[in-house]
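Quick notes on the structure that follows.
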Amino acid sequence: MSTFAVLTTLSLFSGHVLAQVYWPSCTVPSFGWTYNSIEQNPCTVAAYLLSTCYGGSYNIQPLPQDYSYTGPTAGTSNTCTCSTVSYSLLSACDACQGSMWFSWYNYSTNCTTDYPASSFPNPVPDGIRVPQWALIDITIQGTWNSSQSFAVGGRNTLLSPSLSHLQLAGTPFQIFLKYLMARSSTLVHRLRHRHTLSFRLP
């Protein structure tokens, strides 16, 4: 089972567990829009998607103050951890716990597998709904953009018949228009400091 582990020791865990998948709670109400239609937070969705590359088990620990989730360390990357969908969901998981997120460049430094942006390599687990904002091509701007994600919205994705390729609804131009319309009324959350969490295999 893979895990995001803080650089300092944590003696308590306060997240949730279901079928050996662990995830933290969101603590910032203003990021409630990141939840899907069945009220799963982005941490939940990220943990379940990532678990598909680890035999159905995955652990995302709650963030201490001023910490953020990193990408995989050298030698631990795979198509799940290096998916832009996973990155976007983990960035939202950072944000909904009051933390800043890494840029895609920094997150993907150790990724050796190139997988098409805005897609995920494995079937979505039963009972999980991926919000459409998680399928934005973040490689264009080089980072997850909370304003753009809020504008795109969409609490559930459209899935192909094979259920193995997630598709974002709308053309890039339509998505950009939604972004411009919502930009003026959307708050981008910024924090002063950021520390890292290391990704490791037990």
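In this text, all values refer to a predicted model and were calculated from it rather than measured experimentally.
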Among Val45, Asn122, Val21, Thr81, the one residue meeting side chain to side chain contact (heavy atoms under 4.5 Å, CB included) with Leu50
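The single option meeting the side chain to side chain contact (heavy atoms under 4.5 Å, CB included) with Leu50 is Thr81.
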Side chains of [X] and [Y]: does their closest heavy-atom pair fall under 4.5 Å?
{"X": "Ser118", "Y": "Val85", "answer": "no"}
{"X": "Asn145", "Y": "Ile138", "answer": "no"}
{"X": "Ser103", "Y": "Trp144", "answer": "no"}
{"X": "Ile136", "Y": "Gln148", "answer": "yes"}

In this structure, would Tyr35 and Ile128 fall into the same cluster of hydrophobic residues linked by side-chain contacts under 4.5 Å?
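The answer is no; the residues belong to distinct hydrophobic clusters.
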When you group the ILVMFWY residues by side-chain heavy-atom contacts below 4.5 Å and let the links chain together, are Val28 and Trp23 in the same group?
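Yes.
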Walk me through it: do Thr34 and Ser149 pass the test side-chain contact (heavy atoms from CB on, under 4.5 Å)?
CA-CA 8 Å; Thr34 61; Ser149 295; over 6 Å; no
Testing the 3.5 Å rule here: is there a donor-acceptor pair between the side chains of [X] and [Y]?
{"X": "Gln61", "Y": "Tyr69", "result": "no"}
{"X": "Trp133", "Y": "Ser88", "result": "no"}
{"X": "Asn41", "Y": "Thr44", "result": "yes"}

For the student: nearest non-hydrogen atoms of Pro125 and Thr52, plus distance:
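Heavy-atom minimum between the residues: CG-CG2, 3.7 Å.
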Least distance between heavy atoms, Ala46 atom then Leu90 atom:
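Where Ala46 meets Leu90 most closely, the heavy atoms are CB-CD2, 4.0 Å.
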Evaluate Tyr87 against Thr143 for side-chain hydrogen bond (donor to acceptor under 3.5 Å, both in side chains), listing each step before the verdict.
CA-CA 9 Å; Tyr87 162 77; Thr143 191; 3.3 Å; yes
Would the distance check show the side chain of [X] and the main-chain N or O of [Y] forming a donor-acceptor pair, the cut-off being under 3.5 Å?
{"X": "Ser83", "Y": "Cys80", "answer": "no"}
{"X": "Asn110", "Y": "Pro72", "answer": "yes"}
{"X": "Asn36", "Y": "Arg129", "answer": "yes"}
{"X": "Gln97", "Y": "Cys43", "answer": "no"}
{"X": "Ser68", "Y": "Met100", "answer": "yes"}
{"X": "Ser77", "Y": "Thr73", "answer": "no"}
{"X": "Ser91", "Y": "Trp101", "answer": "no"}
{"X": "Ser99", "Y": "Tyr67", "answer": "yes"}
{"X": "Ser51", "Y": "Tyr48", "answer": "yes"}

Please round to the nearest 0.5 Å and tell me the distance separating atom [atom1] of [X] and atom [atom2] of [Y].
{"X": "Asp94", "Y": "Ser146", "atom1": "CG", "atom2": "OG", "value": "12.0 Å"}
{"X": "Asn78", "Y": "Thr76", "atom1": "CG", "atom2": "OG1", "value": "7.5 Å"}
{"X": "Asn106", "Y": "Thr70", "atom1": "CG", "atom2": "OG1", "value": "10.5 Å"}
{"X": "Phe102", "Y": "Thr109", "atom1": "CZ", "atom2": "OG1", "value": "9.5 Å"}

Please verify the inter-ring angle class for Tyr107 with Trp104; under 30° counts as parallel, over 60° as perpendicular, anything in between as tilted.
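If you compare the ring of Tyr107 with that of Trp104, the planes turn out parallel.
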Going by the angle between their ring planes, with limits at 30° and 60°, are Phe150 and Trp33 parallel, tilted or perpendicular?
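Ring orientation, 0 to 90° scale: perpendicular.
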So which pairs with a foot in residues 38-59 pass salt bridge (charged side-chain N to carboxylate O under 4.0 Å, His left out), sequence neighbours left out?
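Residue pairs passing salt bridge (charged side-chain N to carboxylate O under 4.0 Å, His left out), neighbours aside: Glu39-Arg155.
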